[in-house]
> 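Please read through the structure below; I'll follow up with questions.
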Amino acid sequence: MKKSLLVLSVIVLFIPIWTGCVQKRILEELGLIVIVGYDPLENDRIKGTALLHQIDPEAKEKVQVVVTTGNTSKGIRNAQNREVSKRVVSGQLRIAMYNEKLARSGILSLTDTLSRDSAISDTMYVTVSKGSTENIITHRFPEISNIGTYLFKMIRQNIQGEQISSCTLHEFIHDVYSVGKDPVLPIIERNGDEIALNHTAIFQNDKMVGGLRVDESFVLKLIRDRYRAGALELSLDTEPFRQMKSGIQTDKINIVIENIASSSKIKLIDPSIPSFSVHISMNARIQEISNELKLGDPKVVHALENEIAKQLVRRANQLIAKTQAVRSDPIGFGEVLQSKVRHANLTDEKWREMYSKAKVQVDIKAIMVRSGVIE
């Protein structure tokens with residue numbers, strides 16, 4: 001009994017020592033990084049711009065911007081700590097932004113450091129900036145008090161609305177290391193007091209090699225993901241409708257389709273070429289159309305479906321050819337080949353050479369739904 005009491009006393013005596021070693025983090029004493037941007041400098045140095053959120057009721061400004069330089073992201077972080085009165089922490093980091101020039105030279109060393117930081121969520125977003133990240137983060141937007149939080153919400157709602165592909169840190173790192181699939185990231189662009197996501201960057205591993213317009217990004221997502229939302233504007237040829245004596249006088253029909261629900265299936269046809277088939281089934285309804293058409297007539301609806309499918313097949317072929325020209329595979333055809341061919345032993349170099357010569361046949365079936373709800 002005495003021995004048991006002695007052991008208990010030893011445990012009780014040690015508890016205050018252990019708890020006293022825990023590092024306290026008082027929010028008022030911390031600078032919480034919300035967004036960080038990286039720009040290239042001469043001699044391989046990097047400029048880092050961080051926006052810090054301050055939880056201090058006495059502070060006149062709720063955000064503080066710190067601009068420092070270094071050779072690594074850790075070096076930049078240390079420099080930031082030497083320039084502010086509060087300890088800089090990364091637990092609230094929501095966006096990492098990389099200058100396009102820096103992205104073209106490779107950003108794995110910077111993103112890999114973020115992924116190894118246990119305080120940073122791997123669901124944070126990775127983006128590319130057109131021009132200087134410093135000019136975006138330091139700019140005083142009249143209607144935006146915290147550009148980091150604003151961009152985070154902006155990207156999130158566009159991902160949820162299926163206007164852009166998801167761009168989390170985890171997904172980027174996964175696609176960088178994956179043989180047979182390359183990452184894509186949204187490009188942030190500032191024009192005066194306006195900020196937008198109008199383009200998508202495509203990569204070879206961690207190096208940006210090209211960009212896609214909004215309509216091309218839509219087709220990319222249509223091929224590689226399932227759609228349950230989204231909208232697209234198309235210009236259709238009027239010739240098939242003139243044959244129905246519809247009275248159309250213009251050369252093009254401008255149409256917006258929305259509430260798109262689609263599924264895509266990629267099949268490997270011949271691994272030696274290699275050749276693939278892509279079959280896409282999509283349902284959509286018309287939101288707006290520039291010409292009066294008898295949409296109650298099954299022949300008109302069928303003609304619309306054919307023209308929409310034809311237009312999207314053309315765009316898909318152009319997109320695939322564009323990615324083949326820069327030897328980037330954001331769709332993931334290489335992953336399909338790797339999963340279907342035993343002992344494929346693909347390497348990045350081998351697959352890039354094969355993909356540049358690959359044959360892809362695209363088939364799209366479009367079904368127009370009259371009601372606002374897709375069954």
> Short question: side chain of Thr168, backbone of Thr123 - any donor-acceptor pair under 3.5 Å?
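Here the side-chain-to-backbone pair does not exist.
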
> Of the non-hydrogen atoms in Val126 and Leu169, which two are nearest, and what is the gap between them?
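Residues Val126 and Leu169, closest heavy atoms: CG2-CA, 3.7 Å.
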
> Working to the nearest 0.5 angstrom, can you tell me the gap between His199 NE2 and Leu212 CG?
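CG of Leu212 is found 9.0 Å from NE2 of His199.
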
> For the pair Phe276 and Phe333, name the ring-plane relationship: parallel under 30°, tilted 30 to 60°, perpendicular over 60°.
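Judged by the thresholds at 30° and 60°, the geometry between Phe276 and Phe333 is tilted.
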
> Could you give the distance from CG (Asn283) to CD1 (Ile367), rounded to the nearest 0.5 Å?
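Spacing of CG (Asn283) from CD1 (Ile367) equals 5.0 Å.
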
> With a 3.5 Å distance limit and no angle check, can you tell me whether Asn205 reaches the backbone of Val176 through a side-chain donor-acceptor pair?
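Pair found, side chain donor or acceptor close to backbone of Val176.
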
> Apply side-chain contact (heavy atoms from CB on, under 4.5 Å) to the pair Ile195 and Glu189, showing each step before the final yes or no.
CA-CA 6 Å; Ile195 197 159; Glu189 183 175 0; over 6 Å; no

> Say whether, by atom type as modelled, one donor and one acceptor occur between the side chain of Thr72 and the main chain of Gly75 under 3.5 angstrom.
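Checked: pair present.
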
> Please name the residue in the list Ile320, Ile269, Ile273 that meets the side-chain contact (heavy atoms from CB on, under 4.5 Å) test with Lys359.
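When Ile320, Ile269, Ile273 are each tested with Lys359, the side-chain contact (heavy atoms from CB on, under 4.5 Å) holds only for Ile273.
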
> Kindly indicate whether the side chain of Ile187, heavy atoms from C-beta on, has any atom under 4.5 Å from the side chain of Ser129.
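Side-chain contact under 4.5 Å: no.
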
> What is the minimum heavy-atom distance between Ser73 and Tyr38, and which atoms define it?
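The answer is CB-OH, 3.7 Å.
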
> Looking only at atom types and distance, does a side-chain atom of Arg224 sit under 3.5 Å from a main-chain N or O of Pro330, one as donor and one as acceptor?
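Answer holds: yes.
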
> Quick one: do the Asn99 and Arg104 side chains pair a donor with an acceptor below 3.5 Å?
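On atom types as modelled, these side chains do not qualify, holding no pair under 3.5 Å.
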
> Taking atom CD of Gln157 as the centre, report whether more than 12 heavy atoms of other residues, nucleotides or ligands fall under 6.0 Å from it.
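Atom CD in Gln157 is crowded, with more than 12 foreign heavy atoms closer than 6.0 Å.
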
> Ignoring hydrogens, what is the shortest heavy-atom contact between Ala201 and Val128? Give both atom names and the distance.
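The answer is CB-CG2, 4.2 Å.
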
> For a side-chain contact (heavy atoms from CB on, under 4.5 Å) with His53, tell me which candidate from Thr149, Asn146, Ile35 qualifies.
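Among the candidates, only Asn146 passes.
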
> Mind checking whether Leu236 and Lys310 have side chains closer than 4.5 Å, heavy atoms only?
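In short, these two side chains do not touch, never coming nearer than 4.5 Å.
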
> Between Glu216 and Arg315, does at least one N-O distance fall below 4.0 Å, as a salt bridge requires?
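Answer for the salt bridge query: no.
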
> Heavy atoms only: give me the nearest Ser105-Lys207 pair and the separation to one decimal.
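The pair with the smallest heavy-atom distance is O-CE, 3.6 Å.
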
> With side-chain hydrogen bond (donor to acceptor under 3.5 Å, both in side chains) as the test, would you mind laying out the steps for Tyr355 and Thr323 before giving the verdict?
CA-CA 9 Å; Tyr355 181 58; Thr323 61; 2.7 Å; yes

> Answer yes when Asp215 and Arg213 have at least one side-chain N-carboxylate O distance shorter than 4.0 Å, and no when they do not.
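Yes.
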
> Got a donor-acceptor contact below 3.5 angstrom from the Asn317 side chain to the Val313 backbone?
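Checking the backbone N and O of Val313 against the side chain of Asn317, a donor-acceptor pair under 3.5 Å is found.
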
> Sub-3.5 Å donor-acceptor pair from the side chain of Ser275 to the main-chain atoms of Pro271, do we have one?
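No; zero donor-acceptor contacts below 3.5 Å.
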
> Please check if the number of heavy atoms outside Gln361 that lie under 6.0 Å from its CD is greater than 12.
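Not buried by this count: 12 neighbours or fewer within 6.0 Å.
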
> Any luck finding a side-chain donor-acceptor pair between Tyr150 and Ser145 under 3.5 Å?
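The answer is no; no qualifying pair exists.
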
> Is there a side-chain hydrogen bond (donor to acceptor under 3.5 Å, both in side chains) between Glu171 and Ser166? Walk through the geometry before answering.
CA-CA 8 Å; Glu171 290 164 327; Ser166 184; 2.7 Å; yes

> Kindly determine whether Asp297 and His302 satisfy side-chain hydrogen bond (donor to acceptor under 3.5 Å, both in side chains), including the steps that lead there.
CA-CA 9 Å; Asp297 186 342; His302 184 63; over 6 Å; no

> List the atom of Arg116, the atom of Asp112, and the distance in Å for their closest heavy-atom pair.
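Smallest interatomic distance, heavy atoms only, reads NE-OD2, 2.7 Å.
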
> Checking the side chain of Asn254 only, and the main-chain atoms of Ser290 only, is there a donor and an acceptor separated by less than 3.5 Å?
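Not at all, since once roles are kept as given, no pair shorter than 3.5 Å links the two residues.
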
> Taking all heavy atoms of Leu93 and all of Met124, pick out the closest pair and write down the distance.
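Heavy-atom minimum between the residues: O-CB, 3.7 Å.
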
> Just how far is it from atom NZ of Lys252 to atom CD of Glu239, taken to the nearest 0.5 Å?
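Answer for the NZ-CD pair, Lys252 versus Glu239, is 11.0 Å.
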
> For Phe203 and Phe172, what are the C-alpha separation, side-chain angles and deciding distance, and is it a ring-ring contact (aromatic ring centres under 6.0 Å, His included)?
CA-CA 10 Å; Phe203 285 74; Phe172 179 78; 5.6 Å; yes

> Check for a donor-acceptor pair, side chain of Asp39 on one end and backbone N or O of Lys47 on the other, with a separation under 3.5 Å.
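Not confirmed, Asp39 side chain does not pair with Lys47 backbone.
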
> Is it the case that Ser281 and His279 place a side-chain donor and acceptor less than 3.5 Å from each other?
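Yes - a donor-acceptor pair under 3.5 Å links their side chains.
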
> Just verifying a value: how many Å separate Gln204 CD and Asp329 CG, rounded to the nearest 0.5 Å?
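Rounded to the nearest 0.5 Å, the CD-CG separation comes to 10.5 Å.
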
> Report yes or no: does Arg285 contribute a side-chain atom to a donor-acceptor pair with the main-chain N or O of Gln287 at less than 3.5 Å?
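No.
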
> Treating Glu288 as the side-chain partner and Ile255 as the backbone partner, does any N or O pair qualify as donor plus acceptor under 3.5 Å?
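No; judged by distance alone, with no hydrogens or angles, the pair does not exist.
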
> Within the structure provided, determine whether Ile136 and Met97 are in side-chain contact (heavy-atom separation under 4.5 Å).
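Counting from C-beta outward, Ile136 and Met97 do come under 4.5 Å.
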
> Answer yes if the side chains of Glu335 and Ser178 hold a donor-acceptor pair under 3.5 Å, and no otherwise.
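Looking only at side-chain atoms, Ser178 and Glu335 do form a donor-acceptor pair, the distance falling under 3.5 Å.
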
> Distance from Arg94 atom CZ to Leu51 atom CG, nearest 0.5 Å?
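Rounded to the nearest 0.5 Å, the CZ-CG separation comes to 13.0 Å.
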
> Looking at Glu353 and Arg327, is any side-chain nitrogen of the basic one under 4.0 Å from a carboxylate oxygen of the acidic one?
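Yes, charged N to carboxylate O under 4.0 Å.
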
> Are Leu52 and Val88 close enough that some pair of their side-chain heavy atoms sits under 4.5 Å apart?
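Yes - at least one pair of side-chain heavy atoms lies under 4.5 Å apart.
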
> With a 4.5 Å heavy-atom cut-off, do Thr127 and Ile95 have their side chains touching?
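In short, these two side chains touch, coming nearer than 4.5 Å.
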
> Could you check whether any side-chain heavy atom of Ile331 comes within less than 4.5 Å of a side-chain heavy atom of Leu220, counting everything from C-beta outward?
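Counting from C-beta outward, Ile331 and Leu220 do come under 4.5 Å.
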
> In Å, rounded to the nearest 0.5 Å, how long is the span from CG of Leu268 to NZ of Lys340?
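Rounded to the nearest 0.5 Å, the CG-NZ separation comes to 8.5 Å.
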
